[in-house]
Amino acid sequence: MTEGTISAAAEGDTLSHLEQEGEIAADYLEGLLDIADLDGDIDMDVEADRAAVSIISDAGGRDLQKLVGRDGEVLEALQELTRLAVHRETGDRSRLMLDIGGYRAKKREELSELGAKTAAEVKSSGEPVKMKPMTPFERKVVHDAVKAAGLRSESEGEEPQRFVVVLPA
């Protein structure tokens, strides 16, 4: 076998493993939706080497907001429970991302803008900026936006008060 064949085989194995994670997560979440008597469609994908599962609703998503909770707290908890369900089935740690009613996609967009704006502020002032505490997902989005702006950032503090510091070049 050539090196390219091995890489393609490994990539295919990774993709099928992530698709399996998505299937397990979808089954778990369908069960939860049934128990809670909520309507929602489940969409599965693979994004950035992670299984991504979304619960969407045609009915405007008011009921799904209960599954998001205040500041996404319920969504974070459901994501962890779903990761545990995947782990139970596969034996492997899951990095699965869950979105409900487009909450996380909207949040990603807002945080990308905030990261870019903060990076611009740091570039003009030359001073580091400490941001408010954020969840791991939120920090990752901000780190990516700061990196795209050509600066570097670090996370500091202890959970749940961990925050991003944007540093000058």
Side-chain angles (χ1 to χ4, degrees), residues 14-121 129-149 153 155 157-164 166:
T14 300
L15 183 61
S16 67
H17 179 74
L18 293 174
E19 289 171 344
Q20 178 190 16
E21 280 190 21
E23 291 288 338
I24 294 166
D27 290 345
Y28 177 76
L29 291 166
E30 282 177 3
L32 285 177
L33 289 173
D34 287 345
I35 291 168
D37 196 28
L38 296 173
D39 290 327
D41 295 323
I42 298 185
D43 183 36
M44 295 176 294
D45 201 359
V46 174
E47 298 171 358
D49 296 331
R50 288 181 178 210
V53 179
S54 300
I55 301 174
I56 52 179
S57 174
D58 295 334
R62 282 222 186 272
D63 284 346
L64 291 183
Q65 287 303 5
K66 296 173 187 172
L67 298 178
V68 172
R70 189 187 65 190
D71 297 327
E73 289 174 336
V74 177
L75 170 59
E76 288 290 331
L78 284 174
Q79 177 175 278
E80 285 307 309
L81 288 172
T82 305
R83 286 177 174 177
L84 286 171
V86 170
H87 176 72
R88 186 185 66 226
E89 293 290 320
T90 65
D92 296 327
R93 181 178 170 271
S94 174
R95 296 176 52 231
L96 174 131
M97 291 297 292
L98 175 63
D99 192 5
I100 299 175
Y103 175 84
R104 203 176 288 268
K106 181 180 174 205
K107 191 78 168 169
R108 179 179 283 124
E109 193 175 302
E110 292 170 359
L111 289 166
S112 291
E113 289 175 17
L114 177 63
K117 180 180 160 197
T118 304
E121 180 184 326
V129 171
K130 292 181 180 180
M131 302 179 82
K132 67 177 182 59
M134 298 179 189
T135 67
F137 161 76
E138 293 169 336
R139 290 193 310 270
K140 170 77 169 101
V141 173
V142 170
H143 285 305
D144 290 347
V146 169
K147 183 177 180 181
S153 56
S155 290
E158 299 292 323
E159 294 292 352
Q161 296 300 312
R162 201 152 163 80
F163 58 92
V164 173
V166 180

| Trace of the side chain to side chain contact (heavy atoms under 4.5 Å, CB included) decision for L29 with L32 | CA-CA 5 Å; L29 291 166; L32 285 177; 4.2 Å; yes
Quiz prompt | Heavy-atom neighbours of E159 CD exceed 12 at 6.0 Å | solution =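 Enclosed: over 12 neighbouring heavy atoms sit under 6.0 Å from CD of E159.
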Measuring from [X]:[atom1] to [Y]:[atom2], what's the distance to the nearest 0.5 Å?
X	Y	atom1	atom2	answer
E89	Q20	CD	CD	8.5 Å
R108	K140	CZ	NZ	9.5 Å
K107	L75	NZ	CG	11.0 Å
L84	Y28	CG	OH	8.0 Å
D34	D39	CG	CG	9.5 Å
L67	L98	CG	CG	9.0 Å

Which heavy atom of [X] sits nearest to which heavy atom of [Y], and what is that distance?
X	Y	value
A25	T82	CB-CG2, 3.4 Å
V166	S153	CA-CB, 4.2 Å
M97	R83	SD-NH2, 3.9 Å
P160	P133	O-CB, 3.9 Å
A145	A116	CB-N, 4.0 Å

May I ask you to say whether E76 pairs ionically with R104, meaning some side-chain N is under 4.0 Å from a carboxylate O?
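Between R104 and E76 there is a salt bridge, with a charged N closer than 4.0 Å to a carboxylate O.
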Got a salt bridge between K106 and E109, using NZ or NE/NH1/NH2 to carboxylate O under 4.0 Å?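 Judged by the 4.0 Å cut-off on N to carboxylate O distance, K106 and E109 do not form a salt bridge.
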*Worked verdict on E19 versus M44 for side chain to side chain contact (heavy atoms under 4.5 Å, CB included)*: CA-CA 8 Å; E19 289 171 344; M44 295 176 294; over 6 Å; no
| side chain to side chain contact (heavy atoms under 4.5 Å, CB included) against V68, all qualifying residues, sequence neighbours excluded |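 By the side chain to side chain contact (heavy atoms under 4.5 Å, CB included) rule, V68 matches Q65, I100, Y103.
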E73: partners by side chain to side chain contact (heavy atoms under 4.5 Å, CB included), with sequence neighbours left out:
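Counting only residues at least two positions away or on another chain, E73 forms a side chain to side chain contact (heavy atoms under 4.5 Å, CB included) with R70.
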* Answer yes if the side chains of H87 and S94 hold a donor-acceptor pair under 3.5 Å, and no otherwise. =>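 No donor-acceptor contact under 3.5 Å links the two side chains.
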(message) Can a side-chain donor-acceptor contact be found between T90 and H17 if the only test is distance below 3.5 angstrom?
(response)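 No donor-acceptor contact under 3.5 Å links the two side chains.
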task: Could you check V141 against M134 for side chain to side chain contact (heavy atoms under 4.5 Å, CB included), going step by step and ending with a plain yes or no?
output: CA-CA 10 Å; V141 173; M134 298 179 189; over 6 Å; no
Working for side chain to side chain contact (heavy atoms under 4.5 Å, CB included), residues L96 and V53 = CA-CA 8 Å; L96 174 131; V53 179; 3.8 Å; yes
Keeping to residues at least two apart or across chains, list the salt bridge (charged side-chain N to carboxylate O under 4.0 Å, His left out) pairs with something in residues 41-51.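 Counting only pairs at least two positions apart or across chains, no salt bridge (charged side-chain N to carboxylate O under 4.0 Å, His left out) contact touches residues 41-51.
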*Taking the side chain from R139 and the backbone from V164, do they hold a donor-acceptor pair closer than 3.5 Å?*
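A pair under 3.5 Å: no.
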Check for a donor-acceptor pair, side chain of D63 on one end and backbone N or O of L38 on the other, with a separation under 3.5 Å.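 Pair absent, no side-chain N/O of D63 close to backbone of L38.
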